[in-house]
Amino acid sequence: YNNWTLDTLTFSNIPYYAYGTIQTTAPASKLTYTSTSNNTKITFDNSVAQSSWVGQKIYLDKGGALEIYKYTSGTVVWARWKVEPPDSDAVPAYEWELDTGYEKGFGPDRGYPATGCFGKSRLYMAGIRDFPQCILGSNIDDYFNFDTGTGEDDEGIMYVLDTFSPIKSLKFNQTLLAFASDNEFFLNYSVSGAITPESFNMSLASKHGSSCDPIDLDGVTVFCEKSGHILRSFVYDDNQRNYNAENVSVLAPHLIKGVIDMATRQSYDKNPNNLAYILNKDGTITLFNLLREQNLRAFSRCETQGKYIDLCGVGDNVYCLCDRKIGNETKRFIERFDTDYQLDCATQLTSPTKKTDWSGLNNYSGPMDVIGDDVFYSGKYFVESGEITGVTGLEGIQQDVLGDGDGFNKIEVGFGFVPKITTVGLEYQSGEGMSFGKIKRLAYFNAKVIETLGISIEFNGQKYRINYLEFGDFIIDKNN
């Protein structure tokens, strides 16, 4: 798409918090209320009320506390009881006081939540710039309403973690999990399993911290600790009644290299397992396959020509931002991992007839790898002004074994993966002892491939194109 439209989220009844100094005054007016519970109309006999009183609190000397939620006029406001009064009698002047200095919990002045999740019919948010330890929970089935009301079971929640560390991530996996920069918390359920303002209580589980947002993988919450070099699974232990943070990357520390982001690709028909994509600081990706029932933990490295910058998972698709050197400039691409493609940053073109010249490659310039008709690696071709020419099956040496004559009905253009075979060095261990100063030459290799008819070998300054039906003896080991 060329144009994107972002709609503004509108939150209602954002709770107030005492960010700074609270000032206490005693307005010269009698106060009368119409109800002793829930919401009530407050009437003053003098015009003392101001619109700035919304969100502020009134305390009665005889007992009772109110939070103002609506201003009508200088003599009328609406408030909800936080502490109910002992009676319904009017309150004389100077027997009640007004506390001011409360501000909205988040907004343009104090910052907005940086993380959130859904769970048990509520939207939870945290990571507010000026209130980093606070968790907000919406009203039940009213996701953008954060009215804390009088603390009824279906009303909003405002909770402050017992930590100095700012909250970086929230996840809901069986219960609410909060990941701060230095520790991890979980929500203790009540006996009934309901989450209410009264029963809401977060418990400290571990003290590892996290480097990025955790992910859900095969029913487990996985996070990378704040060092960026250890991957942990966060699983509840019924015996200890706490969450354990087990090190799951203990056998692959070389592949966890300063993790800055993670994403999950959900299982689907072609790949019936969940897979984690772990973005490292050096621009590589580590793949993590977790199958708890089979006790399988498998890691593998995923590199590309260029650097991975960011990634995200959407259902069974994973998207990434990549910086790549195209010709003489660096370009940034939005790409999607797709098993129907064999090259990175690739484009597929088709033609009803075989041809050797192609256009429609405006995103590329310079040498690019080309695969023809899905299985044939044709080599590198120079892209100029969005076009390539002379794309042939065997570089014009003989007819294409995939059809009559050179050329293809379909090509894929992108960055290929070139495996390298390293020869033995100057010093090696032989059967008779240590040998020195003798260079070993590559004389033979065995390649096991799937769905390919093209292998190209470059060795000792020479290029060898393999016959697609058989491979002759001692071809690389010849002296000429």
Side-chain angles (χ1 to χ4, degrees), residues 8-27 31 39 42 48-60 64-72 77-83 96-117 122-139 142-152 155-170 176 178-185 187 195-198 200-204 209-210:
T8 302
L9 291 177
T10 302
F11 297 99
S12 61
N13 300 313
I14 300 171
Y16 284 73
Y17 181 73
Y19 281 107
T21 302
I22 299 301
Q23 296 181 346
T24 301
T25 58
L31 180 152
N39 298 336
I42 304 293
V48 295
Q50 302 175 23
S51 60
S52 60
W53 283 17
V54 174
Q56 312 311 301
K57 292 181 172 58
I58 292 175
Y59 293 93
L60 311 182
L66 292 150
E67 183 179 78
I68 301 169
Y69 67 87
K70 182 181 178 181
Y71 167 82
T72 300
V77 297
W78 291 81
R80 58 178 61 91
W81 289 103
K82 293 298 185 180
V83 178
W96 62 276
E97 60 188 24
L98 174 72
D99 279 6
T100 58
Y102 294 92
E103 300 179 41
K104 282 189 176 182
F106 65 88
D109 295 330
R110 291 297 180 179
Y112 290 92
T115 183
C117 66
R122 294 184 190 270
L123 168 63
Y124 295 96
M125 299 193 303
I128 303 169
R129 184 194 65 205
D130 291 350
F131 201 1
Q133 292 83 22
C134 177
I135 297 176
L136 296 175
S138 72
N139 284 223
D142 193 359
Y143 299 121
F144 302 115
N145 180 7
F146 287 85
D147 186 3
T148 54
T150 57
E152 297 295 324
E155 292 181 320
I157 296 169
M158 189 174 190
Y159 185 90
V160 182
L161 285 183
D162 185 17
T163 179
F164 291 106
S165 301
I167 300 172
K168 301 184 67 175
S169 301
L170 293 179
L176 181 66
F179 295 85
S181 58
D182 293 312
N183 34 43
E184 297 76 48
F185 296 82
L187 175 64
I195 300 176
T196 67
E198 183 180 2
F200 195 93
N201 181 44
M202 301 290 291
S203 298
L204 177 66
S210 57

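All figures in this text were calculated on a predicted structure; none of them were measured in a lab. Side chains are part of it too, since the values below use all heavy atoms of this structure and drop only hydrogens, waters and symmetry mates.
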(message) With a 4.5 Å cut-off on side-chain heavy atoms, are E155 and N13 touching?
(response) no
(message) Rounded to the nearest 0.5 Å, what separates atom CD1 in I58 from atom NZ in K82?
(response) 13.5 Å
(message) A side-chain contact here means heavy atoms from C-beta on lying under 4.5 Å apart; do D142 and S12 qualify?
(response) no
(request) Evaluate the side-chain proximity of V83 to Y59: yes if any heavy-atom separation is below 4.5 Å, no if none is. (result) no
(request) For residues P197 and I157, determine if any side-chain heavy atom of one lies less than 4.5 Å from a side-chain heavy atom of the other. (result) yes
(message) Which residues pass the ring-ring contact (aromatic ring centres under 6.0 Å, His included) test with Y124, not counting sequence neighbours?
(response) none
(message) Looking at every non-hydrogen atom in both residues, tell me the closest pair between L123 and M125 and how far apart they are.
(response) CG-CG, 4.0 Å
(request) Measure the spacing between CD of E97 and CG of L60 and express it to the nearest 0.5 Å. (result) 9.5 Å
(request) Taking all heavy atoms of L136 and all of P15, pick out the closest pair and write down the distance. (result) CD2-CG, 3.8 Å
(message) Give me the atom names and distance for the closest heavy-atom approach of M202 to A178.
(response) CE-CB, 3.8 Å
(request) Check whether any side-chain heavy atom of Y69 sits under 4.5 Å from a side-chain heavy atom of D147, and report yes or no. (result) no
(message) Contact between Y143 and L9 at the side-chain level, heavy atoms closer than 4.5 Å - yes or no?
(response) no
(request) Give the C-alpha distance, both sets of side-chain angles, the deciding distance and a yes or no for side chain to side chain contact (heavy atoms under 4.5 Å, CB included) between L176 and F185. (result) CA-CA 8 Å; L176 181 66; F185 296 82; over 6 Å; no
(request) List in chain and number order the residues that pass ring-ring contact (aromatic ring centres under 6.0 Å, His included) with F11, two or more places apart in sequence or in another chain; answer none if no residue qualifies. (result) F106, F144, F146
(request) Answer whether the closest heavy-atom distance between the side chains of P27 and W96 falls below 4.5 Å. (result) yes
(request) Find the distance between CG (N39) and OG1 (T150) and round it off to the nearest 0.5 Å. (result) 7.0 Å
(message) Applying side-chain hydrogen bond (donor to acceptor under 3.5 Å, both in side chains) as the test, list every pair that has at least one member in residues 99-112; sequence neighbours left out.
(response) T24-D99, E103-R110, R110-D130
(request) Could you tell me which non-hydrogen atom of I42 sits nearest to which non-hydrogen atom of A79, and how far apart they are? (result) CG1-CB, 4.2 Å
(request) Identify the two heavy atoms, one from C134 and one from I167, that lie closest to each other, and give their separation to 0.1 Å. (result) O-CD1, 3.8 Å
(message) Can you confirm whether more than 12 heavy atoms, excluding those of E198, are under 6.0 Å from its CD atom?
(response) no
(message) Can you give me the closest heavy-atom contact between T163 and S165, atom names plus distance?
(response) OG1-N, 3.0 Å
(message) Strictly distance-based, threshold 3.5 Å: is any side-chain N or O of T115 a donor or acceptor partner for the main-chain N or O of L170?
(response) yes
